2 protein chains.
Amino acid sequence: MTTTSMKDVARAAGVSVGTVSNVLNRPEAVAEDTRSRVLAAIAELGYVRNDSARQLRAGRSRTVAVVVLDVANPFFTDVVRGAEPLIESAGGVVTVCDSGEDVRRERRHLEILEEQRVLGLLITPVDDTSSSWIERLSGHDIPLVLVDRGAGRHPHCSVAVDDVHGGRLAADHLAERGHTRIAFVGGPASIPQVADRLAGCREVCEERGLDLEVFHTAGLNFAAGREAVEQMLDLPQRPTAVFCANDLVALGALQGLTMHGVKVPHECAIIGYDDIDFAAAAAVPLSSIRQPRAQLGRTAAQLLFDEIGEGRGHTHRNVVFQPELVARASTALDL
Amino acid sequence: MTTTSMKDVARAAGVSVGTVSNVLNRPEAVAEDTRSRVLAAIAELGYVRNDSARQLRAGRSRTVAVVVLDVANPFFTDVVRGAEPLIESAGGVVTVCDSGEDVRRERRHLEILEEQRVLGLLITPVDDTSSSWIERLSGHDIPLVLVDRGAGRHPHCSVAVDDVHGGRLAADHLAERGHTRIAFVGGPASIPQVADRLAGCREVCEERGLDLEVFHTAGLNFAAGREAVEQMLDLPQRPTAVFCANDLVALGALQGLTMHGVKVPHECAIIGYDDIDFAAAAAVPLSSIRQPRAQLGRTAAQLLFDEIGEGRGHTHRNVVFQPELVARASTALDL
DNA sequence: ATCCCTTCATGAATCGATTCAAAACCGTCG
DNA sequence: CGACGGTTTTGAATCGATTCATGAAGGGAT
């Protein structure tokens, strides 16, 4: 090994390792000239602290992991961006893990994070089967906050958005625009956000007596939306409006419809969910249900550090935000 | 601490710690019933390996870090997706660091990664001042591969796309569509990709005698594109075509122009760079210069593991891909 | 019964930083 | 000169997993 350790620095500076450690961690407790001698040795040798050793001693790492469903979805990157400043200013290091909406990938990440003894966790669980693993981490004293998801009866902090309400907003909006045959596109159904948004939509459809056709997809991405509309177009009685579980799906649907010559919104309206930046810039500016993305992240980080700070005697908090409708051309009455 | 260590497991199973370690790392070297006794104890106590201790002993972590300019840019998430499978199948753990096109953030990440003794690094450097830090890591035996960027005379592996050629492709295309007043939008100029794309564009403009107006932006994002066109519209002699340094900027520009009632492509054409999925789905489907995103990531990971495997006697390889033009409506002659 | 060989298990040494009780040092005052 | 108080420095113990030389146990063969 060519790696230089504290021992080498100590030797070069003619002091003990304890002193080198002090220079790094409590410089004020070291005499002026000793300190500069040590710093010189550090620079000279190009010494770099070994984080593994520090962590081993400390028993915890400084890492806060954010486990998201899809890093390529701007919704989640915005959530992460919202959380970062607070974490970093608290001396933490952010690491983002992408579960890809796959329980097995999620579990692999959680295993690794547990082995790494992370400081804490912000997680959007893939589905309900995630919870046993989450309880496990929590039982091993790893503080965590559920993101974009209520805690239900589980003993955790959480920040969520009322997805059922969001689903209602979308359906109400379509109903008010005169649509009576509605398609819902999204999946897998095991993802709570998908289920809730659909539930809200379904409530409204039943209350108002609208037809609802559900298209379940394998994922919440571009391709899924494009494929779903292909199926939809084969239907004898084609829906006149599509509610997509998120904006990526909606943009895919929009592209699919356009490719088949179906005019949006005249022949088929579309509404998405999340209101990512791309929604407003789409071929037909996309109506959507907006969630406070950055605020979700910021609040989650806040709750996490509250929990870390308060320790055992901590009372969990569950914050719920309300989504809002953003109406654009894709559901306009006429252009 | 409530954390259980190997010692606890050893005691519970009535064996030595060495044996527990063997069960975990070379199960075939342990007798059947001893092994199951140990595994039972592990399950019973809910024991979880301490990665810090492992790493300390091993001298390296299993983490491969990917340092990108902007995680919210689909270009980079696609590059990461391309690299992941290979890294994970080699037993590595991927961590993504976002420099946000900011040298200071980049440096902070590099410091931390060095302290963590990462296994290797895939990095898209922010600018040339990054290189001193990169040399430092490299000097400390951390293998790294430059991504989306040639190594120049630096002793590293790299995978890049010929950005000068890409810039030429874009400018040639606009020229062939009859444009003679061209705007370039992108920045900061210190980002090599931006500089190269501009250089290629400039070459063509000089060869063909086209007017070129350059708008430097502070970042390569949506907002930057929108703001740049605001300035452009104030010009007495407005350009008839815009070449944007990437698709995010182009989408922003498209939105800005549309908001001001400028018809694309009739009154102003736009061409972007990267050909992200959203480009094809834009308000006006965006012409762009396509790069092999996933392949960039895959190749980079491949080179990294080659270097790790070959050790000291490794010869660096520099792979360069060629970009290609994807013409869509945003530069169409007429609709 | 002896010797050899194979298969398993042991436990001490090691990685590098942190911590803290104890020691060293220095100036001052009685 | 010795005692004392305050400031610095020391060095051994510690965190938890891995490694490897050593040894024990079991099985055949002679």
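All values below were derived from every heavy atom in this structure, side-chain atoms included, with hydrogens, water molecules and symmetry-related copies excluded. Keep in mind that this is a model prediction, so the values were computed, not measured. Here is the naming used below: chain letters follow the sequence lines, and residue numbers restart at 1 for every chain.
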Quiz item: Do we see a donor-acceptor contact under 3.5 Å between the side chains of B:Glu106 and B:Ser130?
Solution: yes

Self-check item: Minimum-distance nucleotide (side-chain atoms of B:Val15 versus C:dT10, C:dG16, C:dT18)
Solution: C:dT10

Quiz prompt | Below 4.0 Å: OP1/OP2 of C:dT18 and any side-chain N or O of A:Arg54 | solution = yes

Quiz item: For B:Met6 and C:dA9, what is the distance between atoms CE and P respectively, to the nearest whole Å?
Solution: 14 Å

Self-check item: Integer-rounded Å distance: D:dT9 C1' and A:Asn22 CG
Solution: 9 Å

Quiz prompt | Shortest side-chain distance from B:Val17, nucleotide among C:dG16, C:dC8, C:dA12 | solution = C:dA12

Quiz prompt | A:Arg57 CZ to D:dG16 C1', straight-line distance once rounded to whole Å | solution = 12 Å

Quiz item: Which nucleotide sits closest to the side chain of B:Thr34: C:dC8, D:dT18, C:dG16?
Solution: C:dC8

Quiz item: Are any of A:Ser16's side-chain N or O atoms less than 4.0 Å away from OP1 or OP2 of D:dT9?
Solution: no

Quiz item: C:dC8 P sits how many Å from B:Asp33 CG, rounded?
Solution: 10 Å

Exercise. May I ask you to verify if any side-chain N or O of A:Thr19 is less than 4.0 angstrom from the OP1 or OP2 atom of D:dT10?
Key: yes

Self-check item: d(CD1, A:Ile42; C1', C:dG16) in whole Å
Solution: 14 Å

Practice problem: Please tell me which of B:Tyr47 and A:Arg37 maps to the more 5' nucleotide of DNA chain D, matching each residue to the nucleotide holding its nearest heavy atom. | Solution: A:Arg37

Quiz item: Could you give the CD-to-P distance, from A:Gln116 to D:dG16, as a whole number of Å?
Solution: 17 Å

Practice problem: Flag the pair B:Glu114 and B:Arg107 as a salt bridge only when some basic side-chain nitrogen lies within less than 4.0 angstrom of an acidic carboxylate oxygen. | Solution: no

Quiz item: Given atom CG of A:Leu56 and atom P of C:dT18, what is their separation to the nearest angstrom?
Solution: 11 Å

Exercise. Could you state the atom-to-atom distance from NZ of B:Lys7 to P of C:dG11 in whole Å?
Key: 13 Å

Quiz prompt | Short N-O contact, A:Asp51 and A:Arg117, less than 4.0 angstrom | solution = no

Quiz item: Does A:Arg49 place a side-chain N or O at less than 4.0 Å from the phosphate oxygens OP1/OP2 of C:dT18?
Solution: yes

Quiz item: Using a cut-off of less than 4.0 Å, is there contact between a side-chain N or O of B:Asn25 and OP1 or OP2 of D:dT18?
Solution: yes

Exercise. Determine the contact category for A:Ser21: base if any of its heavy atoms lies under 4.0 Å from a base atom, sugar-phosphate if only primed atoms, P, OP1 or OP2 are that close, otherwise nothing.
Key: base

Self-check item: B:Glu28/B:Arg35 ion pair, N-O < 4.0 Å
Solution: no

Practice problem: Look at A:Asp148 together with A:Arg293 and state whether they make a salt bridge at an N to O cut-off of under 4.0 Å. | Solution: no

Quiz prompt | B:Ala53 side-chain proximity, nearest of D:dC15, D:dA17, D:dT8 | solution = D:dA17

